[in-house]
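By convention here, the first residue in the shown sequence is residue 1.
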Amino acid sequence: MNRRRRRIALVGVGALTAGLLLSAPESAESATIANLVKNPGFETAGTNGMPSCWEKSGGGDNDFTFTTVPGAHSGSKAMRVTLTRRVDGDRKALITESSSCAPAVDAGRQYDLGLWYKTTTPDAGITLFRHDTTAGWQYWTDLKTLSMASAWTRATVRTPAVPARTDRISWGVSVYGTGSATTDDYTMRQVPHTRWPVWCTGTKDQCANGSWSVLPTQNPVRSMHSVVLNNGKVLLIAGSGNSEEQFNAGTFTSAVYDPAKGTYKVIPTPKDLFCAGHVQLQDGRVLVMSGMKAYPVAGGHGYEGFKDSYVFDPRTETYSKTNDLNDGHWYPSATELGNGDVVSFGGLREDSTGSVTAERFSYARNQWLPTSQVHQTWSYWGLYPSMILMQDGRLFYTGSHVFGNNIPGTGSAVYDYDANTITQIPGLQNKDERDQSASVLLPPAQSQRVLTIGGGNIDSNPDANRLTDLIDLKQANPSYVAGPRIPQGTVDLGAGRVAETGGQGKMYVSAVLLPDGKVLETGGALHNRADPVYESSLYDPGTGTFDPVAADPESRGYHSSAFLLPDGRVMATGDNPGNGTWNHNVSIYSPPYLYRSSRPKITSLINQEWKYGDTQRITVDRPIAKAELIRPAAVTHSSDPNQRFVDLPLSVSGNNVDLNVTSNPNLAPPGWYMLFAVDADGVPSVAKWVHLTGPAALSDSDTASPHVHAFAGSLRGKVSGPGRERAAQQVAPTLSGCDRHYGSINVCVPTVFPPQVGRTAAARCRWLGRNHYGRLEVNGGDDPLGLDRDRDGTACGKGDVRRR
């Protein structure tokens, strides 16, 4: 049973008027608040050459020393950690992980940490561990990069809210480059509760479950690709829009939607970018790769992809061509790496076979690299394989994909581009029923946890499932574990909505990261391009639970997408059922946080250009509990592997808030991000746009290098290296789950009908009639589904369904 949503009490607005005056938060450094660190100045000796309540930590291939030294900031001793040689890893001086030394904490509270330091390396930072009452001690997060300093310098940072089941924390300084960090006079104090008055600005139901509305103006194009641009507008790519008529006419379309004005602008589109891949480059342009060369022919070839590639410029709202890909890739993946390059796998070639050619777009050279310059395993990853960038630069294939069965093996893997190896990852449930499931890197990206949601299989066409799977990539040998089942909604089986039963869930799932740190899952259908499911819920990574909320009133099955807007709302578009129709209505979801009193505001942003390891200052109009960067969406077919939520630890002084930016571009690949400030009740500001710049920032002598952790470092799954070079993978022409012997190319008569449909021609024809398929001519003379029993060239006519 799902937990009950906390209800927000309705309070009279008049009674709160006096409470709207902003007061500065109480300083967490007040002398009246006790310092929770034992032996903060290292004055009390301990064992193993370390002061009492302090311990050595870290690992990797490096030479190091831990010493107490004179010349302290106060007292007689300071602690110095030195690396004289480093290949990898780090060394840390931490508060001892014991009940007698590690400070006790309260779940949900935040703590201000402080220390004095001197450094001879830019590669040092404050690292935090927590004690889980169930799982024991574990890494939590990196909080702050320490700028180089030859004189004693004060550093402060605020922890995120302490997770549930955490009773103690340990923290200290990590050194992950040659040089030293000397520290003294540590402080840790609990942040006093500073809450803004909260009241409900809508109905009780809106405050608990949010609300959906349908925009008055329809989407003018049949878009199945949605990209939120760095100016706040939305690029909606249709190409031919899964319409053979538009394809034959050469009518290829895109539109740009402006949420501020509620208007659309149709954009000239150079080629059929239907079912292409896309990703934002670090300068804000959108890289679009491949698309539709040809639709399938009954009894002949399947879908075909071309080699062309384009970039869309948000400033001019025009497409321009890049050099060609090395192979055709209809339905390819697209993942940005930490250096700004893009890698792509899978899809269908120009001859409708499966592509085994990996592609790499060099951002520095603004072109796709020749095959000889790209690591190749000659593996077929399928269609739209969800490849998420890990914090060490490897790629995690989550198992979410499009069409039919998963790849052989466990259905999930880690791909190491540098080593050119694939390691299978176990645990994914029903790996061959995760077709058009959704996968997300859970908030924050620093947690390195991935959630998969739902899925089905268009080949066997069972009821889509309710399964979720979780994996913690911080573990030495991570594997998926079963997560909570998604809530059930209602399903329209052609005769009105009924409640889902048993294991019924949904495929065509959309999953959206929200600025309060939750995940909205919405939309979907029970079967192959049929039977829409009406259900939405919020997943809370902290509690590991789903909470049902208001459902989108529109059908959102195949070719639908949902994504976050900069104002904190969610936009949902599209639906392309098997009868070939298209839903042009656009829905907007306002989450519950938009009905909770007023919103915090970022009143000033000192600098829009950010670099890795930076500290960037903003001012806010009232106290906030957290801030984060959310990468704007580039979503299609339930897939956006680049979607991520990156925590920005705070250093707070009144309404001035310093945001500590990760030093690791694999956690936040370079590009434009939405910056949200969020208060203690989960209410976010409207986003500001910031530009996190790429690898050039990491080459500066005063900039920290990435702090990469040894996560997933002892994988025990089956490992495979490059296979024999080959041209392609053979795939079935019926890959899309549609039998093209019936009706126009826009129509998808399923190769396998849902399990509730009988096997007789009459039962199948009744199902097609309930789903508004209309007249279905038989193409090519073959009748593999037995729908033209009187052989008059028309399926499901009167002579085909009468009893015999």
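Side-chain atoms of T452 and R434 include a donor-acceptor pair closer than 3.5 Å. In this structure, a donor-acceptor pair under 3.5 Å is present between the side chains of Y534 and S555. Judged by distance alone, the side chains of S211 and S590 never bring a donor and an acceptor atom under 3.5 Å apart. Remark: the S400 side chain and the S386 side chain contain no N/O donor-acceptor pair separated by less than 3.5 Å. Residues W381 and S333 have side chains that never bring a donor and an acceptor to within less than 3.5 angstrom of each other. Defined by atom type and a distance below 3.5 Å, a donor-acceptor pair is present between the side-chain atoms of S587 and D552.
Ring pair Y558/H637 is perpendicular by interplanar angle, where above 60° counts as perpendicular and below 30° as parallel. Between Y319 and Y310, the angle of the ring planes goes over 60°, which puts this pair in the perpendicular group of the 30/60° scheme. Note: F546 and Y539 have tilted aromatic rings, judged against thresholds of 30 and 60 degrees for the angle between ring planes.
A donor-acceptor pair is defined here as one N or O able to donate and one able to accept, closer than 3.5 Å; such a pair exists between the side chain of S685 and the backbone of A677. Checked by atom type and distance alone, the side chain of S254 never pairs as donor or acceptor with a backbone atom of I267 at under 3.5 Å. Of the possible polar contacts, one joining the S309 side chain to the V288 backbone as a donor-acceptor pair under 3.5 Å is found. Under the 3.5 Å distance criterion, the side-chain polar atoms of D575 are matched with a main-chain donor or acceptor of G557. In this structure, D469 contributes its side chain and L428 its backbone to no donor-acceptor pair below 3.5 Å. A donor-acceptor pair under 3.5 Å is formed between the side chain of H691 and the backbone N or O of Q282. Formation of a donor-acceptor pair under 3.5 Å by the N465 side chain with backbone atoms of L467 is found in this model. At distances below 3.5 Å, at least one donor-acceptor pair connects side-chain atoms of D272 with backbone N or O atoms of S240. Remark: the backbone N or O of G455 is not paired with any side-chain donor or acceptor of D435 at under 3.5 angstrom. A donor-acceptor pair is defined here as one N or O able to donate and one able to accept, closer than 3.5 Å; such a pair exists between the side chain of Q643 and the backbone of A511.
Among pairs with a residue in residues 560-571, those fulfilling salt bridge (charged side-chain N to carboxylate O under 4.0 Å, His left out) read D567-R569, at least two apart in sequence or across chains. The salt bridge (charged side-chain N to carboxylate O under 4.0 Å, His left out) pairs that include a residue from residues 439-453 number zero, where partners must be two or more places apart or lie in different chains.
Not counting sequence neighbours, the partners of E336 by the side-chain hydrogen bond (donor to acceptor under 3.5 Å, both in side chains) test are R631. Applying the side-chain hydrogen bond (donor to acceptor under 3.5 Å, both in side chains) criterion to K601, with sequence neighbours excluded, gives no partner residue. Applying the side-chain hydrogen bond (donor to acceptor under 3.5 Å, both in side chains) rule to Y480 yields no partners; only residues at least two apart in sequence or on another chain are considered. In this structure D313 satisfies the side-chain hydrogen bond (donor to acceptor under 3.5 Å, both in side chains) test together with R315, sequence neighbours excluded.
Of the candidates I388, I425, N406, V414, N406 is the only one forming a side-chain contact (heavy atoms from CB on, under 4.5 Å) with Y397.
Aromatic ring centres of Y303 and Y331 lie farther apart than the 6.0 Å criterion allows. Residues F274 and F247 keep their aromatic ring centres 6.0 Å or farther apart.
D647 and E628 make their closest contact through CA-CB, 4.4 Å (heavy atoms, listed as atom of the first residue, atom of the second, distance). Residues V657 and L650 approach most closely at CG1-CD2, 3.8 Å, considering heavy atoms. Among all heavy-atom pairs drawn from V214 and N585, the shortest one is CG1-CB, 4.0 Å. Scanning both residues, P332 and Y384, for their nearest heavy atoms gives O-CD2, 3.0 Å. Of all non-hydrogen atoms in T693 and K611, the two that sit nearest each other are OG1-CG, 3.4 Å. In plain terms, the two heavy atoms of A550 and G210 that are nearest each other are CB-O, 3.7 Å.
For the atom pair OG1 of T573 and CD of Q218, the computed distance is 12.5 Å after rounding to the nearest 0.5 Å. Rounding to the nearest 0.5 Å places OG of S290 at 9.0 Å from NZ of K271. Taking NE2 from H559 and NE2 from H225, the interatomic distance works out to 7.0 Å, rounded to the nearest 0.5 Å. Rounding to the nearest 0.5 Å places OG of S412 at 7.5 Å from CD1 of I407. Atom-to-atom distance recorded for D258:CG and T263:OG1 is 4.5 Å, nearest 0.5 angstrom. Atoms CD1 and NZ, from I618 and K688 in turn, are 10.0 Å apart once rounded to the nearest 0.5 Å.
Between D547 and K518 there is no salt bridge, since no side-chain nitrogen of the basic residue lies less than 4.0 Å from a carboxylate oxygen of the acidic one. Classification of R596 and D681 as a salt-bridged pair fails, no side-chain N sitting under 4.0 Å from a carboxylate O.
Residues D142 and Q446 have side chains not in contact (no heavy-atom distance under 4.5 Å, counting atoms from C-beta outward). Residues T468 and I486 are in side-chain contact: their nearest non-hydrogen atoms beyond the backbone lie under 4.5 Å apart. In this structure the side chain of N607 never reaches within 4.5 angstrom of the side chain of L605, judged on heavy atoms. For the pair I453 and S437, the minimum side-chain heavy-atom distance is 4.5 Å or more. Side-chain contact between P600 and V620: absent, with no pair of heavy atoms (C-beta onward) separated by less than 4.5 Å. With a 4.5 Å cut-off on side-chain heavy atoms, N528 and Y508 count as touching. Side chains of L273 and F252 form no contact here, defined as non-hydrogen atoms less than 4.5 Å apart. When side chains are defined from C-beta on, T322 does not count as touching N366, because their heavy atoms never get closer than 4.5 Å.
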>> Test side-chain contact (heavy atoms from CB on, under 4.5 Å) on V686 and R599; report intermediate values, then the result.
In response: CA-CA 8 Å; V686 173; R599 304 175 67 173; 3.8 Å; yes
> Should E317 and L235 be marked as a side-chain contact (heavy atoms from CB on, under 4.5 Å) after you check the CA-CA gap, both sets of side-chain angles, and the distance that decides it?
Replying inline: CA-CA 9 Å; E317 296 184 340; L235 173 65; over 6 Å; no
> Is there a side-chain contact (heavy atoms from CB on, under 4.5 Å) between V279 and F361 once you walk through the steps?
Replying inline: CA-CA 11 Å; V279 64; F361 183 85; over 6 Å; no
>> Let's go through Y612 and L692 carefully: what are the C-alpha distance in whole Å and the side-chain angles of both, what is the deciding distance for side-chain contact (heavy atoms from CB on, under 4.5 Å) to 0.1 Å, and is it a yes or a no?
In response: CA-CA 7 Å; Y612 296 100; L692 187 55; 3.4 Å; yes
